[in-house]
Q: 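Sharing a structure with you now.
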Amino acid sequence: MASVPLLSVSGLVKRYGALLVTDDVSLTLAPGEALGILGPNGAGKTTLFNLIAGTVAPSAGTIMFAGADVTTLRARERCRRGIARSFQIPHPFVGMTIYENVLTGAAFGRGLTERAAQDRCIDVLERTGLIRKANALAGDLTLLERKRLELARALATEPSLLLLDEIAGGLTEAECQSLIGTIRDVRATGVSIIWIEHVVHALLAVVDRMTVLDFGRKIAEGDPQAIMASPEVASIYMGLEDHGGAHG
Amino acid sequence: MAPHVKIERGTRTSRIAGRLALVLLAALAAAPWWTGRANLRLLGEFYTFVALASLWNLLAGYAGLVSVGQQAFVGFGGYVLFAAAMFYGVPPLLAIVLAGVVGALIALPMAPLLFRLHGAYFAIGTWVAAEVFRLSFAQVSVLGGGSGTSLPARLVTGIAATRDQRDMLLYWCALALGLGTVAMIYALLRSRAGLALAAIRDSEIASESLGIDIFRTKLAIYVATAAVTSMVGALIFLQKLRISPDAAFSVNDWTAYVIFIVVIGGIGTIEGPIVGAIVFFLLRETLADLGTIYLVILGMVAIAVMLKAPRGLWGSFSHRTGIVLFPLRRRVVHPDAR
């Protein structure tokens, strides 16, 4: 792994009043690496993304990205530096077409003019399998298409770090497989990924390393196969997912 | 990757409408030669209301800033014109432009204060601000205090020698301002800024994480709207040749009627305020003699439209037929894209 991490989070804490949602979380991500995050509902996974992306401010801790301290930067400034995210519940711009959604990402996330962003947008639409729907209104999409749009819009900002929040949730097996293929292609272009997911086999197909969160704390981290075999994960995921050694 | 992908902006309907609009525009520009003074004044007033309604629509319908205090800028613009002309000898037509600049300058510090308020609180905050303007100008004795002032005769004749020439000049100013406002808003909504506004309207959290500066976008819209509203205000009181705090900062004339126009026509569409202004002027010109009954009828029309066509007259028509005269959408022309 490269010596300078792309992302380095240390001692991150988020409190809402008396409620401790993120409890002293530290993690690092090397350039080009893909990290999976597992954890039961309410473990603070999405809050961790909100902290990394800048949507909410931490109560304590620091976030270093690409060698700079971004802890106090706004979400839009972090986006311009190369952090992009998808939302667990898709937030498409429903009044726009798919193309215009992606154009918004390229125009503002990269600061491009419309003309300069045009080719990039078409390229992203082709890669994410949305080109046929380029002129459809984002409000009229299926769940898979909305998930793909989340991915496409994030990619249009040309991120070096992509945060995926349960992007495979609610998809059929075939849809999930096709999405995994797309995400692997994205990874192959050198984009680092942190992926929160309950669909464990999708994670195992992509990530190099896995972190487990519970009650806002990091309780395990390491090789995906080893993590899945660990007793902590077994106790959390008991009955939720069959995670025998057949995957990956 | 396809290098020769084209992005289309217009539609066939919009191109035909564009040509018809040019013909209509030529006819309206020539109005001084085919109609009398009374109609010229009425049309001039109509253009100012098209401008005010379009501006309010930009603010409320596109930027989500529902203000009921735009009369602050109408009145402020009017007073800037009177003060500049009376005390500094600025030619009145030039003072219209000056009113725009000063309007923007006063809106700039107001915006961060007002933006701390949201929804209904923002609306009431803007109204309070407008009342502060009214009460402040009522204290300025050189501008006539509470009873207001008239533009001195020497300044009026300074615009143009004869009354006919003056009427013509002010008519063209109103046409230019009305047309310019609609054109500016159309250009703005087709640009990157329009993309940002549409994104913010649909999801603030997604906009922010895609690099859009929400505060600056709204600030720019608020200040630009204030500037043009001030220019329209300056022109309105140049047409009237008299200004007073109650007339200048009237919530009825400059905001209630304007909201009526936008809601009737269709909020969030460029065509809506134009259609609404036509309906408003038709109602006013045919029913104004009825006195209070006229206001009752206006209210009933508003209620009927809100119940039967909540998108407004143009909004409902456009939704049903798919006809759009000012297309904003971008259409990808690509072998795979439908």
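Lettering follows sequence order; numbering is per chain, from 1.
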Q: Where does A:Leu137 contact chain B at under 4.5 Å (heavy atoms): side chain, backbone, both or neither?
A: side chain
Q: Using a distance-only test with no angle check, is there a side-chain donor-acceptor pair under 3.5 angstrom linking A:Ser192 and A:Glu33?
A: no
Q: Could you give me the CA-CA distance, side-chain angles and deciding distance for B:Arg329 and B:Glu8, then say whether salt bridge (Lys or Arg N to Asp or Glu O under 4.0 Å) is met?
A: CA-CA 8 Å; B:Arg329 198 134 285 159; B:Glu8 263 181 11; over 6 Å; no
Q: Who wins among B:Ala196, B:Ala199, B:Ala198, B:Ser203 for the most heavy-atom pairs under 4.5 Å with chain A?
A: B:Ala199
Q: Please classify the contact between A:Gln118 and chain B as side chain, backbone, both or neither, with a heavy-atom cut-off of under 4.5 Å.
A: side chain
Q: What part of A:Arg115 gets closer than 4.5 Å to chain B, counting heavy atoms only: side chain, backbone, both or neither?
A: neither
Q: Is A:Ala84 close to chain B through its backbone or its side chain, or both, or neither, when contacts mean heavy atoms under 4.5 Å?
A: neither
Q: Whether A:Arg120 and A:Glu158 form a salt bridge (side-chain N of Lys/Arg under 4.0 Å from carboxylate O of Asp/Glu) is what I want to check.
A: yes
Q: Under 4.5 Å heavy-atom distance to chain B, tell me which part of A:Arg80 shows up: side chain, backbone, both or neither.
A: side chain
Q: Is the shortest heavy-atom distance from the side chain of A:Tyr99 to the side chain of A:Asn101 under 4.5 Å?
A: no
Q: Going by atom types alone, do B:Ser67 and B:Gln70 pair a side-chain donor with an acceptor below 3.5 Å?
A: yes
Q: Below 4.5 Å, heavy-atom pairs only: which of A:Arg110, A:Arg74, A:Arg78 has the largest tally toward chain B?
A: A:Arg74
Q: Is the Lys NZ or Arg CZ of B:Lys218 less than 6.0 Å from the centre of B:Phe215's six-membered ring, within 45° of the axis?
A: no
Q: With rounding to the nearest 0.5 Å, note down the distance linking OG in B:Ser209 to CZ in A:Arg85.
A: 6.0 Å
Q: Counting heavy-atom pairs closer than 4.5 Å to chain B, which one of A:Gly111, A:Ala107, A:Gly105 comes out on top?
A: A:Ala107
Q: In terms of heavy-atom proximity below 4.5 Å to chain B, should A:Thr104 be classed as side chain, backbone, both, or neither?
A: both
Q: Which atoms of B:Ser207 come close to chain A, meaning under 4.5 Å heavy atom to heavy atom: side chain ones, backbone ones, both, or neither?
A: both
Q: For B:Phe49 and B:Tyr257: C-alpha separation, side-chain torsions, deciding distance, then whether ring pair (Phe, Tyr, Trp, His ring centres under 6.0 Å) applies.
A: CA-CA 9 Å; B:Phe49 268 90; B:Tyr257 287 148; 7.1 Å; no
Q: Considering only heavy atoms, which portion of A:Leu103 lies under 4.5 Å from any heavy atom of chain B: side chain, backbone, both, or neither?
A: both
